[in-house]
Colleague: 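Structure below; questions to follow.
Heavy atoms only: backbone and side chains are in, while hydrogens, waters and symmetry mates are out.
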Amino acid sequence: MLRTAVRQVIPAVRRLPPRTSECCCIQARSAGHSKWANIKRDKEAADKKQGNLTMRFLINLKSTMRQLDAADIKNPGHPKMAEMFALAHKMKIEKATVTKTIDRYLKAPEVEVALEARSQEGICMVVVVSHEGQMKTALPYFKRKLKNLNIEIAKGSSLFLFDKKGIVVVPKVDDMPDPDELAIEAGAEDWQEVDGVEEGQKEIEFICIDKTEHSVREAVEAMNLRVTLVETRYFPNGDLVTVDEGDIECVAEMIDRLESVEGVTKVYTNIDMANS
(Lines give C-alpha, C1' and ligand atoms only; values in the text may rest on other atoms or scores of the structure.)
Protein backbone atom coordinates (compact mmCIF):
# COMPACT_ATOMS: atom_id res chain seq x y z
CA MET A 1 0.00 0.00 0.00
CA LEU A 2 2.84 2.33 0.80
CA ARG A 3 4.46 1.75 -2.60
CA THR A 4 1.16 2.43 -4.31
CA ALA A 5 0.78 5.72 -2.47
CA VAL A 6 4.30 6.78 -3.47
CA ARG A 7 3.67 5.92 -7.10
CA GLN A 8 0.48 8.00 -7.02
CA VAL A 9 2.21 11.08 -5.58
CA ILE A 10 5.33 11.08 -7.74
CA PRO A 11 3.54 11.55 -11.08
CA ALA A 12 1.60 14.46 -9.57
CA VAL A 13 4.83 16.13 -8.53
CA ARG A 14 6.32 15.63 -11.97
CA ARG A 15 3.33 17.34 -13.57
CA LEU A 16 3.98 20.63 -11.71
CA PRO A 17 4.92 23.38 -14.22
CA PRO A 18 8.62 24.22 -14.21
CA ARG A 19 9.73 27.64 -12.91
CA THR A 20 10.75 29.37 -16.10
CA SER A 21 13.10 32.29 -16.54
CA GLU A 22 10.10 34.33 -17.68
CA CYS A 23 8.47 33.93 -14.26
CA CYS A 24 11.71 35.03 -12.58
CA CYS A 25 11.85 38.12 -14.78
CA ILE A 26 8.27 39.04 -13.85
CA GLN A 27 9.03 38.69 -10.16
CA ALA A 28 12.20 40.74 -10.55
CA ARG A 29 10.33 43.47 -12.38
CA SER A 30 7.66 43.54 -9.65
CA ALA A 31 10.29 43.77 -6.94
CA GLY A 32 12.08 46.57 -8.80
CA HIS A 33 8.82 48.49 -9.32
CA SER A 34 8.04 48.25 -5.60
CA LYS A 35 11.55 49.44 -4.71
CA TRP A 36 11.37 52.51 -6.94
CA ALA A 37 7.84 53.29 -5.75
CA ASN A 38 9.13 53.35 -2.17
CA ILE A 39 12.06 55.55 -3.16
CA LYS A 40 9.72 57.95 -4.97
CA ARG A 41 7.38 58.11 -1.97
CA ASP A 42 10.24 58.76 0.45
CA LYS A 43 11.65 61.46 -1.84
CA GLU A 44 8.26 63.19 -2.11
CA ALA A 45 7.93 63.18 1.68
CA ALA A 46 11.45 64.59 2.08
CA ASP A 47 10.80 67.27 -0.56
CA LYS A 48 7.56 68.30 1.15
CA LYS A 49 9.31 68.53 4.50
CA GLN A 50 12.15 70.64 3.05
CA GLY A 51 9.62 72.82 1.24
CA ASN A 52 7.84 73.56 4.52
CA LEU A 53 11.15 74.42 6.18
CA THR A 54 12.10 76.72 3.31
CA MET A 55 8.74 78.48 3.39
CA ARG A 56 9.00 79.12 7.12
CA PHE A 57 12.56 80.36 6.76
CA LEU A 58 11.62 82.83 4.00
CA ILE A 59 8.77 84.20 6.13
CA ASN A 60 11.25 84.71 8.95
CA LEU A 61 13.81 86.30 6.61
CA LYS A 62 11.30 88.80 5.24
CA SER A 63 10.15 89.63 8.77
CA THR A 64 13.77 90.30 9.72
CA MET A 65 14.41 92.50 6.67
CA ARG A 66 11.37 94.66 7.49
CA GLN A 67 13.21 95.74 10.67
CA LEU A 68 16.36 96.82 8.82
CA ASP A 69 17.29 99.48 6.30
CA ALA A 70 18.75 98.66 2.89
CA ALA A 71 22.37 99.14 4.00
CA ASP A 72 21.99 96.65 6.86
CA ILE A 73 20.23 94.13 4.60
CA LYS A 74 23.09 94.29 2.10
CA ASN A 75 25.64 93.73 4.87
CA PRO A 76 26.03 89.96 5.48
CA GLY A 77 28.06 90.83 8.59
CA HIS A 78 25.11 92.55 10.26
CA PRO A 79 24.13 90.43 13.32
CA LYS A 80 20.56 89.86 12.12
CA MET A 81 21.57 88.98 8.55
CA ALA A 82 24.46 86.80 9.74
CA GLU A 83 21.99 84.94 11.93
CA MET A 84 19.70 84.38 8.94
CA PHE A 85 22.53 82.96 6.81
CA ALA A 86 23.58 80.67 9.67
CA LEU A 87 19.99 79.49 10.13
CA ALA A 88 19.67 78.83 6.38
CA HIS A 89 22.81 76.69 6.48
CA LYS A 90 21.48 74.73 9.45
CA MET A 91 18.12 74.16 7.70
CA LYS A 92 19.92 73.05 4.50
CA ILE A 93 18.54 75.94 2.44
CA GLU A 94 20.70 76.88 -0.52
CA LYS A 95 22.55 80.18 -0.25
CA ALA A 96 21.32 81.10 -3.74
CA THR A 97 17.72 80.93 -2.50
CA VAL A 98 18.55 83.33 0.33
CA THR A 99 20.43 85.85 -1.82
CA LYS A 100 17.74 85.76 -4.51
CA THR A 101 15.06 86.53 -1.91
CA ILE A 102 17.15 89.39 -0.52
CA ASP A 103 17.78 90.86 -3.99
CA ARG A 104 14.08 90.70 -4.87
CA TYR A 105 13.14 92.35 -1.58
CA LEU A 106 15.63 95.19 -2.10
CA LYS A 107 14.41 95.73 -5.65
CA ALA A 108 10.74 95.86 -4.67
CA PRO A 109 9.92 95.43 -0.97
CA GLU A 110 7.08 92.99 -0.45
CA VAL A 111 3.84 94.46 0.85
CA GLU A 112 1.46 92.29 2.86
CA VAL A 113 -2.23 93.14 3.19
CA ALA A 114 -5.18 91.45 4.89
CA LEU A 115 -8.28 91.39 2.69
CA GLU A 116 -11.74 90.97 4.16
CA ALA A 117 -13.71 88.46 2.15
CA ARG A 118 -16.99 86.58 2.19
CA SER A 119 -18.07 83.46 0.29
CA GLN A 120 -21.49 82.85 -1.26
CA GLU A 121 -22.19 80.48 1.63
CA GLY A 122 -21.80 83.42 4.02
CA ILE A 123 -18.42 82.34 5.40
CA CYS A 124 -16.34 85.31 6.56
CA MET A 125 -12.58 85.14 6.16
CA VAL A 126 -9.37 87.12 6.26
CA VAL A 127 -7.19 86.49 3.21
CA VAL A 128 -3.58 87.61 3.64
CA VAL A 129 -1.90 88.44 0.33
CA SER A 130 1.56 89.70 -0.53
CA HIS A 131 2.83 91.58 -3.55
CA GLU A 132 6.10 93.17 -4.62
CA GLY A 133 5.51 96.88 -5.02
CA GLN A 134 2.33 98.86 -4.42
CA MET A 135 -0.65 96.74 -3.45
CA LYS A 136 -3.18 98.91 -5.29
CA THR A 137 -1.81 97.65 -8.60
CA ALA A 138 -2.39 94.04 -7.51
CA LEU A 139 -5.88 94.39 -6.01
CA PRO A 140 -7.73 93.89 -9.34
CA TYR A 141 -5.79 90.61 -9.80
CA PHE A 142 -6.80 89.31 -6.36
CA LYS A 143 -10.42 90.43 -6.80
CA ARG A 144 -10.62 88.53 -10.08
CA LYS A 145 -9.02 85.39 -8.65
CA LEU A 146 -11.33 85.39 -5.62
CA LYS A 147 -14.39 86.06 -7.77
CA ASN A 148 -13.57 82.93 -9.79
CA LEU A 149 -13.92 81.00 -6.52
CA ASN A 150 -17.24 82.72 -5.69
CA ILE A 151 -15.53 84.79 -2.99
CA GLU A 152 -16.12 88.52 -2.75
CA ILE A 153 -13.78 91.09 -1.22
CA ALA A 154 -16.06 92.92 1.19
CA LYS A 155 -14.57 95.67 3.31
CA GLY A 156 -15.86 95.69 6.87
CA SER A 157 -17.14 92.11 6.74
CA SER A 158 -14.50 90.11 8.58
CA LEU A 159 -11.68 91.85 10.45
CA PHE A 160 -13.84 92.69 13.47
CA LEU A 161 -14.33 88.93 13.96
CA PHE A 162 -10.59 88.36 14.47
CA ASP A 163 -7.77 89.54 16.74
CA LYS A 164 -4.39 90.07 15.10
CA LYS A 165 -1.53 88.63 17.17
CA GLY A 166 2.23 88.35 16.86
CA ILE A 167 3.80 84.89 16.97
CA VAL A 168 7.36 83.99 17.95
CA VAL A 169 8.33 80.32 17.55
CA VAL A 170 11.22 78.44 19.18
CA PRO A 171 12.03 74.70 19.13
CA LYS A 172 11.29 72.96 22.41
CA VAL A 173 14.44 71.60 24.07
CA ASP A 174 14.92 69.37 27.09
CA ASP A 175 16.58 71.98 29.30
CA MET A 176 14.13 74.77 28.42
CA PRO A 177 12.93 76.84 31.41
CA ASP A 178 9.23 76.97 32.29
CA PRO A 179 7.42 78.52 29.27
CA ASP A 180 5.15 80.48 31.63
CA GLU A 181 8.18 82.26 33.06
CA LEU A 182 9.67 82.75 29.60
CA ALA A 183 6.45 84.30 28.29
CA ILE A 184 6.22 86.72 31.21
CA GLU A 185 9.88 87.73 30.93
CA ALA A 186 9.68 88.19 27.15
CA GLY A 187 6.48 90.25 27.32
CA ALA A 188 4.23 87.69 25.60
CA GLU A 189 0.55 87.30 26.47
CA ASP A 190 0.42 83.52 26.23
CA TRP A 191 2.14 80.46 24.78
CA GLN A 192 1.21 77.09 23.33
CA GLU A 193 3.02 73.87 22.48
CA VAL A 194 2.51 72.59 18.94
CA ASP A 195 3.93 69.96 16.61
CA GLY A 196 6.97 71.20 14.71
CA VAL A 197 7.70 70.99 11.00
CA GLU A 198 10.11 68.11 11.56
CA GLU A 199 8.64 64.78 12.59
CA GLY A 200 8.70 64.21 16.35
CA GLN A 201 9.73 67.80 17.08
CA LYS A 202 7.76 70.08 19.39
CA GLU A 203 7.74 73.88 19.28
CA ILE A 204 6.73 76.63 21.66
CA GLU A 205 4.75 79.51 20.15
CA PHE A 206 4.76 82.73 22.14
CA ILE A 207 1.62 84.79 21.42
CA CYS A 208 1.86 88.55 21.85
CA ILE A 209 0.13 91.82 21.03
CA ASP A 210 0.34 92.85 17.40
CA LYS A 211 3.49 94.86 16.56
CA THR A 212 5.32 93.66 19.68
CA GLU A 213 6.55 90.39 18.11
CA HIS A 214 9.97 91.81 17.27
CA SER A 215 10.63 93.03 20.82
CA VAL A 216 9.46 89.64 22.12
CA ARG A 217 11.81 87.98 19.64
CA GLU A 218 14.76 90.00 20.92
CA ALA A 219 13.87 89.14 24.51
CA VAL A 220 13.61 85.43 23.68
CA GLU A 221 16.92 85.45 21.81
CA ALA A 222 18.53 87.17 24.80
CA MET A 223 17.61 84.04 26.77
CA ASN A 224 19.77 82.00 24.34
CA LEU A 225 16.75 80.46 22.62
CA ARG A 226 16.80 80.04 18.83
CA VAL A 227 13.87 81.73 17.08
CA THR A 228 12.79 79.90 13.91
CA LEU A 229 9.75 81.98 12.93
CA VAL A 230 8.24 85.41 13.53
CA GLU A 231 4.88 86.20 11.96
CA THR A 232 1.39 87.56 12.58
CA ARG A 233 -1.84 85.55 12.68
CA TYR A 234 -5.54 86.20 13.03
CA PHE A 235 -7.46 84.44 15.80
CA PRO A 236 -11.29 84.34 15.94
CA ASN A 237 -12.48 86.46 18.86
CA GLY A 238 -16.01 85.03 19.13
CA ASP A 239 -17.97 81.84 18.72
CA LEU A 240 -16.88 79.63 15.85
CA VAL A 241 -19.32 78.79 13.07
CA THR A 242 -20.20 75.18 12.32
CA VAL A 243 -20.81 73.95 8.79
CA ASP A 244 -23.20 71.17 7.79
CA GLU A 245 -21.54 67.81 7.27
CA GLY A 246 -22.61 67.77 3.64
CA ASP A 247 -20.92 71.13 2.95
CA ILE A 248 -17.68 70.75 4.88
CA GLU A 249 -15.82 69.03 2.02
CA CYS A 250 -16.83 71.80 -0.41
CA VAL A 251 -15.69 74.46 2.06
CA ALA A 252 -12.35 72.70 2.64
CA GLU A 253 -11.83 72.42 -1.13
CA MET A 254 -12.64 76.12 -1.58
CA ILE A 255 -10.05 77.09 1.06
CA ASP A 256 -7.44 74.78 -0.54
CA ARG A 257 -8.02 76.39 -3.94
CA LEU A 258 -7.86 79.84 -2.39
CA GLU A 259 -4.54 79.08 -0.68
CA SER A 260 -3.14 77.89 -4.02
CA VAL A 261 -3.70 81.29 -5.66
CA GLU A 262 -0.34 82.95 -6.33
CA GLY A 263 0.21 85.73 -3.81
CA VAL A 264 -2.15 84.33 -1.16
CA THR A 265 -0.07 83.48 1.91
CA LYS A 266 -2.67 82.69 4.59
CA VAL A 267 -6.42 82.19 4.88
CA TYR A 268 -8.23 82.56 8.21
CA THR A 269 -11.87 81.68 8.84
CA ASN A 270 -14.12 81.48 11.88
CA ILE A 271 -15.23 77.95 10.96
CA ASP A 272 -15.12 75.26 13.61
CA MET A 273 -13.49 72.62 11.40
CA ALA A 274 -13.15 70.14 14.27
CA ASN A 275 -16.88 69.97 15.01
CA SER A 276 -18.27 70.59 11.53
Colleague: For the side-chain contact (heavy atoms from CB on, under 4.5 Å) test, which of I167, I207, I204 pairs with Q192?
Modeller: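 Looking at I167, I207, I204, the match for Q192 under the side-chain contact (heavy atoms from CB on, under 4.5 Å) is I207.
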Colleague: Got a second to check how far F235's CZ is from F162's CZ, nearest 0.5 Å?
Modeller: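 Going from CZ on F235 over to CZ on F162, the span is 11.0 Å.
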Colleague: If I take atom CD1 from residue I209 and atom NZ from residue K164, how far apart are they, to the nearest 0.5 angstrom?
Modeller: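 If I round to the nearest 0.5 Å, the distance is 13.5 Å.
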Colleague: Return the NZ to CG distance between K165 and N237, rounded to the nearest 0.5 Å.
Modeller: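 Reported value, rounded in 0.5 Å steps: 9.5 Å.
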Colleague: Does one hydrophobic cluster hold both W191 and I184, with members joined at side-chain heavy-atom distances below 4.5 Å?
Modeller: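 In one cluster with W191: I184, no.
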Colleague: Counting only N and O atoms by type, is there a donor-acceptor contact under 3.5 Å from the side chain of T232 to the main-chain atoms of G166?
Modeller: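 No, because the side chain of T232 does not come within donor-acceptor range (under 3.5 Å) of the backbone of G166.
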Colleague: Test your reading of the model: is there a side-chain donor-acceptor pair from D72 to the backbone of H78, 3.5 Å cut-off?
Modeller: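 It does not hold such a pair.
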Colleague: What are the two closest non-hydrogen atoms of M125 and T269, and how far apart are they?
Modeller: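 Closest approach of M125 to T269, heavy atoms only: CB-CG2, 3.9 Å.
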Colleague: Applying salt bridge (charged side-chain N to carboxylate O under 4.0 Å, His left out), name anything that partners R66, two or more places apart in sequence or on another chain.
Modeller: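 For R66 there are no salt bridge (charged side-chain N to carboxylate O under 4.0 Å, His left out) partners, ignoring immediate neighbours.
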Colleague: Between V267 and I248, is there shared hydrophobic-cluster membership here, with clusters defined by ILVMFWY side-chain heavy atoms closer than 4.5 Å?
Modeller: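 Cluster IDs for V267 and I248 match.
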Colleague: Can you check side-chain contact (heavy atoms from CB on, under 4.5 Å) on K145 and L258, steps first, answer last?
Modeller: CA-CA 8 Å; K145 288 292 186 180; L258 179 56; over 6 Å; no
Colleague: Go through the steps for I123 and I271 under the test side-chain contact (heavy atoms from CB on, under 4.5 Å), then give the verdict.
Modeller: CA-CA 8 Å; I123 298 171; I271 299 175; 3.6 Å; yes
Colleague: Show me the side-chain donor-acceptor pairs of residues 88-103 shorter than 3.5 Å, one per line, residues at least two apart or across chains.
Modeller:
from: T99; atom 1: OG1; to: K95; atom 2: O; distance (Å): 3.2
from: T99; atom 1: OG1; to: A96; atom 2: O; distance (Å): 3.0
from: T101; atom 1: OG1; to: T97; atom 2: O; distance (Å): 2.8

Colleague: Looking only at atom types and distance, does a side-chain atom of E253 sit under 3.5 Å from a main-chain N or O of V251, one as donor and one as acceptor?
Modeller: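 Not a single qualifying donor-acceptor pair exists.
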Colleague: Does any non-hydrogen side-chain atom of V128 lie less than 4.5 Å from one of Y268?
Modeller: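 Sidechains of V128 and Y268: in contact.
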Colleague: Does one hydrophobic cluster hold both V220 and M176, with members joined at side-chain heavy-atom distances below 4.5 Å?
Modeller: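 Yes; tracing contacts between hydrophobic side chains, which count when under 4.5 Å, links both residues.
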Colleague: Does CG in D239 sit with more than 12 non-hydrogen atoms of other residues, nucleotides or ligands closer than 6.0 Å?
Modeller: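 No, the 6.0 Å shell around CG holds no more than 12 heavy atoms from other groups.
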Colleague: Shortest non-hydrogen contact from C208 to G187?
Modeller: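 For C208 versus G187, the nearest heavy atoms are CB-O, 4.5 Å.
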Colleague: Sequence neighbours left out, what pairs pass salt bridge (Lys or Arg N to Asp or Glu O under 4.0 Å) with at least one residue falling in residues 220-233?
Modeller: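 Non-adjacent pairs meeting salt bridge (Lys or Arg N to Asp or Glu O under 4.0 Å): K80-E221, E205-R233, R217-E221, E231-R233, E231-K266.
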Colleague: More than 12 foreign heavy atoms under 6.0 Å from CG of L149: is that the case here?
Modeller: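 Atom CG in L149 is packed in, count exceeds 12.
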Colleague: Please report the closest heavy-atom contact between E262 and Y141, naming both atoms and the distance.
Modeller: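 For E262 versus Y141, the nearest heavy atoms are O-OH, 3.1 Å.
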Colleague: What's the shortest heavy-atom distance between S130 and F142, and which atoms?
Modeller: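 Heavy atoms only, the tightest pair is O-CZ, 3.9 Å.
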Colleague: Is V168 reachable from V173 through a run of hydrophobic residues whose side-chain heavy atoms are each under 4.5 Å from the next?
Modeller: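 As far as the 4.5 Å side-chain criterion goes, V168 and V173 are connected within one cluster.
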Colleague: Considering non-hydrogen atoms only, spot the tightest contact between M254 and S119 and give its length.
Modeller: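 Scanning both residues, the minimum pair turns out to be SD-CB, 3.9 Å.
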Colleague: Could you tell me which non-hydrogen atom of P179 sits nearest to which non-hydrogen atom of F206, and how far apart they are?
Modeller: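 Closest approach of P179 to F206, heavy atoms only: O-CE2, 4.0 Å.
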Colleague: When rounded to the nearest 0.5 angstrom, what distance separates OG1 in T265 from NZ in K62?
Modeller: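 Here the interatomic distance stands at 8.5 Å.
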Colleague: Is there a donor-acceptor pair closer than 3.5 Å between any side-chain N or O of N60 and the backbone N or O of T228?
Modeller: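 Yes; judged by distance alone, with no hydrogens or angles, the pair exists.
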Colleague: Determine whether L87 and M65 fall in the same hydrophobic cluster, where Ile, Leu, Val, Met, Phe, Trp and Tyr are linked whenever their side-chain heavy atoms lie under 4.5 Å apart.
Modeller: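 Cluster IDs for L87 and M65 match.
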Colleague: Hey, is K172 close enough to E193 for a salt bridge, meaning N to O under 4.0 Å?
Modeller: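 Judged by the 4.0 Å cut-off on N to carboxylate O distance, K172 and E193 do form a salt bridge.
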Colleague: When you look at K202 and D195, which way does the salt bridge (Lys or Arg N to Asp or Glu O under 4.0 Å) test go after all the steps?
Modeller: CA-CA 5 Å; K202 294 293 184 179; D195 291 332; 2.4 Å; yes
Colleague: Between L115 and V126, is any pair of side-chain heavy atoms under 4.5 Å apart?
Modeller: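 Answer no - side chains too far apart.
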Colleague: Return the CG to CZ distance between L146 and R118, rounded to the nearest 0.5 Å.
Modeller: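 Interatomic distance, L146 CG to R118 CZ, rounded to 0.5 Å: 12.5 Å.
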Colleague: May I ask you to decide if S158's main-chain N or O and E116's side chain share a donor-acceptor pair within less than 3.5 Å?
Modeller: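 It does hold such a pair.
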Colleague: Return the OH to CG distance between Y105 and L58, rounded to the nearest 0.5 Å.
Modeller: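 Going from OH on Y105 over to CG on L58, the span is 13.5 Å.
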